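Small disclaimer: the values here were computed from a predicted structure and weren't measured.
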Amino acid sequence: MHQLAGSSTPKDGPAEDDPGLPAAFQPVLDKLDPFPACLQTPLFDVVAYNRAYRFLVTDMDLIPPGERNCAVQFFTDPDWRSRYVDGDLVAARMVARMRTEIGTELGAAAAAGIVDDLRERSEEFARLWARHDVLPELYEAKRLASPLVGQLQLNFVSTHVPGTGHRMTVMTPADEPTAGRLARML
């Protein structure tokens, strides 16, 4: 309840991830190229990804593993944010998804640290968090401006990994120009 109200809670920290989980999913992710795909925690920590995802927004390999959180990057790195054509819409939806996730048993433990950090570092995040919006996961198209191949229109589809809270997200082209650009990106 403290988290839903937006107040600080003790930072117990997330349970340790099973190190075998990314290793088990990596071959699946790799087979999905040229479609960007990743394995994420409920609060947007990227724990595994394929080559197409690696270069989608930036070179993910250049971001230290402990900082590979899409929400943190989105709200604190102007270059990352600039890759989203509809940034304001993505921001509102991302915060609402985070608020939805912290209401779950698996999302609650990790939420306090990420939310408190983002509220301090991003005025926009703090404002959106204060709205108390929640949003179930949507199957939606997003427009991204890839630094390598230009504008992409991608359908985002996520599959939950039972018992972990993680989700595997696969991005497929929403139009033919995007399909061609994804092929060129690799």
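Side-chain N or O atoms of Ser122 include none that pairs as donor or acceptor with a backbone N or O of Arg119 at under 3.5 Å. A donor-acceptor pair under 3.5 Å is formed between the side chain of Thr76 and the backbone N or O of Val72. The closest donor-acceptor contact from the side chain of Thr100 to the backbone of Leu135 lies under 3.5 Å. Judged by distance alone, the side chain of Asn50 and the main-chain N or O of Cys38 form no donor-acceptor pair under 3.5 Å.
The shortest distance between side-chain heavy atoms of Thr169 and Gln40 falls below 4.5 Å. Residues Asp30 and Arg51 are not in side-chain contact: their nearest non-hydrogen atoms beyond the backbone lie 4.5 Å or more apart. For the pair Arg68 and Met60, the minimum side-chain heavy-atom distance is below 4.5 Å. Looking at Asp45 and Ile114, their side chains come closer than 4.5 Å, going by heavy atoms from C-beta outward. Side-chain contact check for Arg121 versus Phe75: every heavy-atom pair is 4.5 Å or farther apart. Using a 4.5 Å cut-off on side-chain heavy atoms (C-beta onward), Phe156 and Thr172 make no contact. Val46 is not listed as a side-chain neighbour of Asn69, based on a closest heavy-atom distance of 4.5 Å or more. Taking the side chain as every heavy atom from C-beta outward, Trp80 and Ile63 approach each other to under 4.5 Å.
Between the OG1 atom of Thr159 and the NE2 atom of His166 there is a distance of 14.5 Å, given to the nearest 0.5 Å. With rounding to the nearest 0.5 angstrom, the CG atom of Leu144 is 10.5 Å from the OG atom of Ser82. Rounding to the nearest 0.5 Å gives a distance of 7.0 Å between OG1 of Thr164 and CG of Leu39. The CE atom of Met185 lies 6.5 Å from the CG atom of Leu152; values are rounded to the nearest 0.5 Å. Here CG of Leu148 is found 11.0 Å from CG of Leu182. Values are rounded to the nearest 0.5 Å. Taken from CZ in Arg181 to OG in Ser146, the straight-line distance is 9.5 Å, to the nearest 0.5 Å.
Judged by the 6.0 Å and 45° rule, Arg167 forms a cation-pi pair with Phe44.
In the model, Arg143 has no side-chain atom that pairs as donor or acceptor with a side-chain atom of Gln153 under 3.5 Å.
One finds a salt bridge joining Asp61 and Arg54 here, because a Lys/Arg side-chain nitrogen approaches an Asp/Glu carboxylate oxygen to under 4.0 Å.
Residue pairs that meet the salt bridge (Lys or Arg N to Asp or Glu O under 4.0 Å) test with at least one member in residues 123-136, sequence neighbours left out, are Arg81-Glu124, Arg131-Asp133.
In this structure, Phe125 and Trp129 have parallel ring planes: the angle between them is below the 30° cut-off, well short of the 60° mark.
Note on Val28 and Val161: same hydrophobic cluster, where clusters join Ile, Leu, Val, Met, Phe, Trp and Tyr whose side-chain heavy atoms are under 4.5 Å apart, directly or indirectly.
No option in Glu101, Arg99, Met94 other than Glu101 meets the side chain to side chain contact (heavy atoms under 4.5 Å, CB included) test with Arg97.
In this structure, Asp175 has no salt bridge (Lys or Arg N to Asp or Glu O under 4.0 Å) partners at least two apart in sequence or on a different chain.
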